[in-house]
Amino acid sequence: MLRGDIMNEKLLKGKTIIFLGSSVTYGAAAGGVSFADILEKEDGIVSVKEAVSGTTLADMKSSSYVSRMKTIKKDIKADAFICQLSTNDAKKDIPLGEISESFSPDDFDTKTVAGAIEYIITYAKNVWNCPVIFYTGTKFDNEIYAQMVDLLLKIQRKHNIGVIDLWNSDEMNAVSAADYKAYMHDGVHPNLDGYEKWWTPQFRKYLNEFFAEEE
């Protein structure tokens with residue numbers, strides 16, 4: 001937590017945030033504890049965590065982000081919606097697709113990464129009428145995921161969403177080899193120390209700045 005900064009501590013308290021994702025959002029290598037749970041415990045957010053390991057953004061199965069998002073209660077008074085840029089789409093070689101010229105959900109190809117991202121953004125804005133934020137994973141050796149990050153940043157400009165970009169973060173990429181080994185279970189999944197000491201501070205900083213601008 002931002003110790004000594006009472007104003008920032010209070011900014012997150014009571015904020016309802018919907019988290020949509022897969023194993024990283026769930027906390028698969030940390031006993032089911034992720035930044036969503038840590039922010040709830042330490043900062044007082046109300047976390048609505050919809051996370052299932054191994055799932056994709058692209059709507060290929062009933063467990064996909066697109067399908068599961070529709071099971072979240074529509075009457076939640078959300079202050080923000082945060083979605084994971086899933087590494088599973090890269091690992092399963094889901095087509096990247098193209099950014100649509102349209103803003104209509106009917107025109108998005110949700111079988112592709114681009115179409116799924118655009119659909120998720122539009123659905124969240126329409127249903128919960130709240131800001132949408134995506135987050136990326138930290139750097140690991142996967143060129144397809146690197147292309148997905150670039151794609152997300154282009155979609156960001158079209159839809160005016162937030163992005164917690166851990167992939168391109170100078171601060172995150174400056175981590176020492178020893179700390180990286182201590183924080184990560186593998187190239188994708190943080191362990192509990194990784195969430196507490198490395199990832200969550202980035203989410204906390206971003207959200208404090210975001211909500212400060214909103215007020």
Side-chain angles (χ1 to χ4, degrees), residues 1-3 8-9 11-57 61 63-65 68-69 71-72 76 78-92 120 133-142 145-146 148-149 152 162-208 210:
M1 190 174 290
L2 301 173
R3 305 299 179 187
N8 279 345
E9 289 183 2
L11 273 177
L12 298 189
K13 188 174 182 180
K15 300 293 187 187
T16 298
I17 302 177
I18 299 171
F19 295 91
L20 177 66
S22 44
S23 56
V24 175
T25 301
Y26 172 68
V33 176
S34 74
F35 46 80
D37 306 281
I38 296 169
L39 289 171
E40 184 169 56
K41 180 180 178 180
E42 297 186 359
D43 299 79
I45 71 165
V46 178
S47 171
V48 179
K49 189 170 81 168
E50 172 52 56
V52 176
S53 297
T55 55
T56 61
L57 291 153
K61 296 181 179 180
S63 61
S64 76
Y65 284 33
R68 288 188 292 110
M69 174 178 59
T71 69
I72 302 172
I76 293 172
D79 294 290
F81 176 94
I82 298 179
C83 184
Q84 177 187 346
L85 185 69
S86 179
T87 58
N88 296 312
D89 293 75
K91 291 179 178 179
K92 296 180 181 182
I120 290 167
I133 301 165
F134 268 70
Y135 78 90
T136 76
T138 50
K139 281 278 175 72
F140 71 107
D141 187 17
N142 190 299
Y145 193 75
M148 285 176 56
V149 174
L152 174 63
V163 175
I164 302 173
D165 188 358
L166 305 182
W167 183 270
N168 290 307
S169 168
D170 291 338
E171 183 177 351
M172 298 297 278
N173 287 324
V175 67
S176 69
D179 281 344
Y180 185 88
K181 184 176 181 180
Y183 293 157
M184 296 295 285
H185 172 74
D186 54 32
V188 172
H189 303 91
N191 58 30
L192 187 56
D193 271 354
Y195 282 115
E196 290 181 338
K197 299 176 182 177
W198 196 32
W199 282 51
T200 302
Q202 295 298 315
F203 280 79
R204 181 177 291 124
K205 178 182 177 182
Y206 182 97
L207 289 172
N208 271 299
F210 174 81

Chemist: Does the ring-ring contact (aromatic ring centres under 6.0 Å, His included) test come out yes or no for F35 and Y135, once each step is laid out?
Modeler: CA-CA 12 Å; F35 46 80; Y135 78 90; 5.1 Å; yes
Chemist: When you look at I18 and I76, which way does the side-chain contact (heavy atoms from CB on, under 4.5 Å) test go after all the steps?
Modeler: CA-CA 9 Å; I18 299 171; I76 293 172; 4.3 Å; yes
Chemist: Could you give the distance from NE2 (H185) to OG (S23), rounded to the nearest 0.5 Å?
Modeler: 10.0 Å
Chemist: In Å and rounded to the nearest 0.5 Å, what is the CD to CG distance from E42 to D37?
Modeler: 11.0 Å
Chemist: Is the shortest heavy-atom distance from the side chain of W198 to the side chain of M184 under 4.5 Å?
Modeler: yes
Chemist: Which pair of heavy atoms, one from N88 and one from G54, lies closest together, and at what distance?
Modeler: ND2-C, 3.4 Å
Chemist: Scan side-chain atoms only and decide if D165 and N168 contain a donor-acceptor pair under the 3.5 Å cut-off.
Modeler: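 Short answer, yes.
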Chemist: Any donor-acceptor pair under 3.5 Å linking the side chain of N191 with the backbone of A30?
Modeler: no
Chemist: Please identify which of these residues, L166, L152, I164, meets the side-chain contact (heavy atoms from CB on, under 4.5 Å) condition with L85.
Modeler: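 Answer after filtering L166, L152, I164: L152.
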Chemist: How far does OG of S86 sit from CG of L57, to the nearest 0.5 angstrom?
Modeler: 5.5 Å
Chemist: When rounded to the nearest 0.5 angstrom, what distance separates CD1 in I45 from CD1 in I38?
Modeler: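 Separation between the atoms: 10.5 Å.
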Chemist: Are W199 and Y183 an aromatic pair by the rule of ring centers under 6.0 Å?
Modeler: no
Chemist: Can you tell if the side chain of V46 reaches within under 4.5 Å of the side chain of D79, non-hydrogen atoms only?
Modeler: no
Chemist: Do Q202 and E171 have side chains that get closer than 4.5 Å, going by heavy atoms?
Modeler: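 In short, these two side chains touch, coming nearer than 4.5 Å.
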Chemist: Does K92 NZ have over 12 foreign heavy atoms under 6.0 Å away?
Modeler: yes
Chemist: Determine, for D43 against R204, whether the closest basic-nitrogen to carboxylate-oxygen distance falls under 4.0 angstrom.
Modeler: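 Yes, charged N to carboxylate O under 4.0 Å.
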Chemist: For residues R68 and S63, is any side-chain donor paired with an opposing acceptor at under 3.5 Å?
Modeler: no
Chemist: How about L207 and I133: do any of their side-chain heavy atoms sit closer than 4.5 Å?
Modeler: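 When only atoms from C-beta onward are counted, I133 and L207 do touch, with a gap below 4.5 Å.
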Chemist: A side-chain contact here means heavy atoms from C-beta on lying under 4.5 Å apart; do V188 and V24 qualify?
Modeler: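 Of all side-chain heavy-atom pairs linking V24 with V188, at least one is under 4.5 Å.
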Chemist: Minimum heavy-atom separation for A51 to Y26, with atom names?
Modeler: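 That closest heavy-atom pairing would be CB-N, 3.6 Å.
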Chemist: Which pair of heavy atoms, one from A29 and one from H189, lies closest together, and at what distance?
Modeler: CB-CB, 3.9 Å
Chemist: How far apart are the closest heavy atoms of M69 and L20, and which atoms are they?
Modeler: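 Scanning both residues, the minimum pair turns out to be CB-CD2, 4.0 Å.
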Chemist: Might you point out which heavy atoms bring L39 and L12 nearest each other, and give the distance in Å?
Modeler: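 So the minimum-distance heavy-atom pair works out to CD2-CD1, 4.4 Å.
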Chemist: Have a look at T25 and tell me which of Q84, K49, E50 forms a side-chain hydrogen bond (donor to acceptor under 3.5 Å, both in side chains) with it.
Modeler: Q84
Chemist: With no hydrogens and no angle check, just 3.5 Å: does a side-chain donor-acceptor pair link Y65 and S22?
Modeler: yes
Chemist: Looking at D186, I'd like to know if its CG atom is crowded, meaning that more than 12 non-hydrogen atoms belonging to other residues, nucleotides or ligands lie closer than 6.0 Å.
Modeler: yes
Chemist: Start with the C-alpha gap between I120 and F134, add the side-chain angles, then the distance that decides, and say whether side-chain contact (heavy atoms from CB on, under 4.5 Å) holds.
Modeler: CA-CA 10 Å; I120 290 167; F134 268 70; 4.1 Å; yes
Chemist: Counting C-beta onward and ignoring hydrogens, is there a side-chain heavy-atom pair between W167 and N173 closer than 4.5 Å?
Modeler: no
Chemist: Look up atom OG in S47 and atom CD1 in I17, then write down how far apart they are to the nearest 0.5 Å.
Modeler: 8.0 Å
Chemist: Would you indicate whether the side-chain heavy atoms of T136 and Y145 approach each other to under 4.5 Å?
Modeler: yes
Chemist: Can you tell me how far apart CZ (F203) and OG1 (T200) are? Round to the nearest 0.5 Å.
Modeler: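 The OG1 atom of T200 is 7.5 Å from CZ of F203, to the nearest 0.5 Å.
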